[in-house]
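For reference, the structure discussed in these notes is given below.
Only a predicted model underlies this, so the values are computations on that prediction, with no experimental measurement involved.
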Amino acid sequence: MSDEYTLTVDMATVDSLGRNLYSNAAAVLSEFVANAWDADANNVSIDYKPDEGSGSITITDDGCGMDTDTLNSRFLTVGYQKRKREGDESFRFHRKYMGRKGIGKLSAFSLADIMQVESKREGAEARGFTIDVARLDEAIKSSDPNERQYHPAPISRDGLTLNDCEHGTKIVLTSLRRKRIGLTLEALRRRIARRFDVLDLADKSEEEGAFRIVINGKPVTYEDRGDLQRLEHIWYLGNFSPLERAAEQHKSRTSPCRGCVVRRTSWLEVVRMDWNGP
């Protein structure tokens with residue numbers, strides 16, 4: 001097997017920070033969406049098909065991508081200290097990093113036994129590898145820390161799919177663990193929408209730093225949160241408009257909200273929702 005890619009980790013780490021730390025698909029997929037944000041992606045797409053055939057989940061973004069060195073030094077390094085090495089914000093759009101402890105990639109092992117990773121930097125060829133959890137477990141059983149290395153199998157050039165793209169990353173999860181993927185599509189959309197408060201950036205241009213999350217071909221919006229129509233009062237600080245926009249959307253749709261009144265001050269905005277019922 002090729003030694004082009006190397007993952008060094010022990011079994012306790014894989015279990016504690018991977019298989020046993022995350023209990024549902026939404027938490028795992030949120031980690032990959034956060035990685036796309038940190039990589040200055042404009043678009044991140046989740047193809048969630050756990051029940052079709054043998055089942056698969058694919059996450060694709062158009063972020064800065066990674067070459068072989070970056071895949072090894074960042075993605076395959078458990079506990080990579082991004083803020084210590086790269087600062088607190090992304091290079092292009094100066095976004096505050098969402099990823100925290102460099103363990104998010106291990107979360108995939110709570111959902112799937114096989115993870116295929118493919119990435120491409122601008123001006124370079126795509127690179128990628130496949131991690132098979134069964135082989136990973138076998139490789140890191142050694143009691144000698146120096147021997148706890150696993151070499152993911154490189155993806156052949158013919159098997160790479162991102163060479164026609166300028167840049168980006170694609171992750172495919174297969175051999176899914178059925179007990180962890182019982183989340184409905186509606187519930188997944190709701191949890192992703194509640195996790196990411198940057199959905200208003202979808203309306204911006206790509207040059208301005210647009211960020212769009214799409215699940216099974218449909219953009220995630222604030223309406224997917226499913227909580228705004230249940231609120232009577234919302235206070236938010238600064239020049240922040242998503243709730244006002246959502247309020248206007250609710251005024252034009254059939255919902256418990258009869259009307260929404262926005263009051264502004266120099267430092268505080270208040271949205272008031274009147275109700276048809278409890």
Under the 3.5 angstrom rule, does the side chain of [X] hit a backbone N or O of [Y] as a donor-acceptor pair?
X    : Y    : value
D113 : R177 : no
D224 : T221 : yes
R189 : R225 : no
S119 : G168 : yes
R178 : P50  : yes

task = Using the ring-ring contact (aromatic ring centres under 6.0 Å, His included) rule, collect all pairs that involve residues 172-198, keeping only residues at least two apart or in two chains.
result =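 Sorted result for residues 172-198: empty, none.
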Sequence neighbours excluded - ring-ring contact (aromatic ring centres under 6.0 Å, His included) pairs with any residue from residues 111-141 =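 Non-adjacent pairs meeting ring-ring contact (aromatic ring centres under 6.0 Å, His included): Y5-F129.
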request  = Kindly write out the residues that satisfy side-chain hydrogen bond (donor to acceptor under 3.5 Å, both in side chains) with S90, not counting sequence neighbours, or none if the list is empty.
outcome  =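 S90 satisfies side-chain hydrogen bond (donor to acceptor under 3.5 Å, both in side chains) with D40 once adjacent residues are dropped.
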task = Please name all residues satisfying side-chain hydrogen bond (donor to acceptor under 3.5 Å, both in side chains) with D67, sequence neighbours left out, ordered by chain then number.
result =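 For D67, the residues satisfying side-chain hydrogen bond (donor to acceptor under 3.5 Å, both in side chains) (neighbours in sequence not counted) are T70.
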Those residues that, when tested against [X], pass side-chain contact (heavy atoms from CB on, under 4.5 Å) (two or more places apart):
X    : answer
K96  : D88, E89
R191 : N24, A26, L183
D62  : A41, N42, N43
T58  : D47, T60, K170, V172

ask   = Do you know the tightest heavy-atom contact between R95 and A36?
value =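 Looking at all heavy atoms of both residues, the shortest contact is NH1-O, 4.2 Å.
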request  = Write down the atom of G65, the atom of T169, and the distance for their closest heavy-atom approach.
outcome  =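 Smallest heavy-atom distance, with atoms named: CA-OG1, 3.9 Å.
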ask   = In terms of hydrophobic clustering (I, L, V, M, F, W, Y; side-chain heavy atoms under 4.5 Å; direct or indirect links), are M98 and V28 co-clustered?
value =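 Same cluster.
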ask   = What about M66 and L162, same hydrophobic cluster or not, with Ile/Leu/Val/Met/Phe/Trp/Tyr joined at side-chain heavy-atom distances under 4.5 Å?
value =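 No; tracing contacts between hydrophobic side chains, which count when under 4.5 Å, never links both residues.
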ask   = So, Q116 versus T174: side-chain donor-acceptor pair below 3.5 Å or not?
value =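 No.
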Taking C-beta and beyond as the side chain, do [X] and [Y] meet within less than 4.5 Å on heavy atoms?
X    : Y    : result
L185 : N216 : yes
T161 : N163 : no
I46  : V33  : yes
L176 : I57  : yes
F211 : V44  : yes
L199 : V220 : yes
L29  : L188 : yes
E118 : L71  : no

key: Contact list for residues 120-132, test salt bridge (charged side-chain N to carboxylate O under 4.0 Å, His left out), sequence neighbours left out   =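 Only E125-R127, E125-R157 qualify under salt bridge (charged side-chain N to carboxylate O under 4.0 Å, His left out).
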task = Just grab all the salt bridge (charged side-chain N to carboxylate O under 4.0 Å, His left out) pairs involving residues 204-214, residues at least two apart or on different chains.
result =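 For residues 204-214: E206-R212.
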Please report the interatomic distance [atom1]([X]) to [atom2]([Y]), rounded to the nearest 0.5 Å.
X    : Y    : atom1 : atom2 : value
M115 : S107 : CE    : OG    : 8.0 Å
L173 : L111 : CG    : CG    : 6.5 Å
C64  : H167 : SG    : NE2   : 8.5 Å
I59  : F32  : CD1   : CZ    : 5.5 Å
Y150 : D137 : OH    : CG    : 10.0 Å
L76  : H151 : CG    : NE2   : 11.0 Å

Hydrophobic cluster partners of L160 (side-chain heavy atoms under 4.5 Å) =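 Via sub-4.5 Å side-chain contacts, L160 links to I155.
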key: Salt-bridge present (R74, E86; N to O < 4.0 Å)   =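 Salt bridge: yes.
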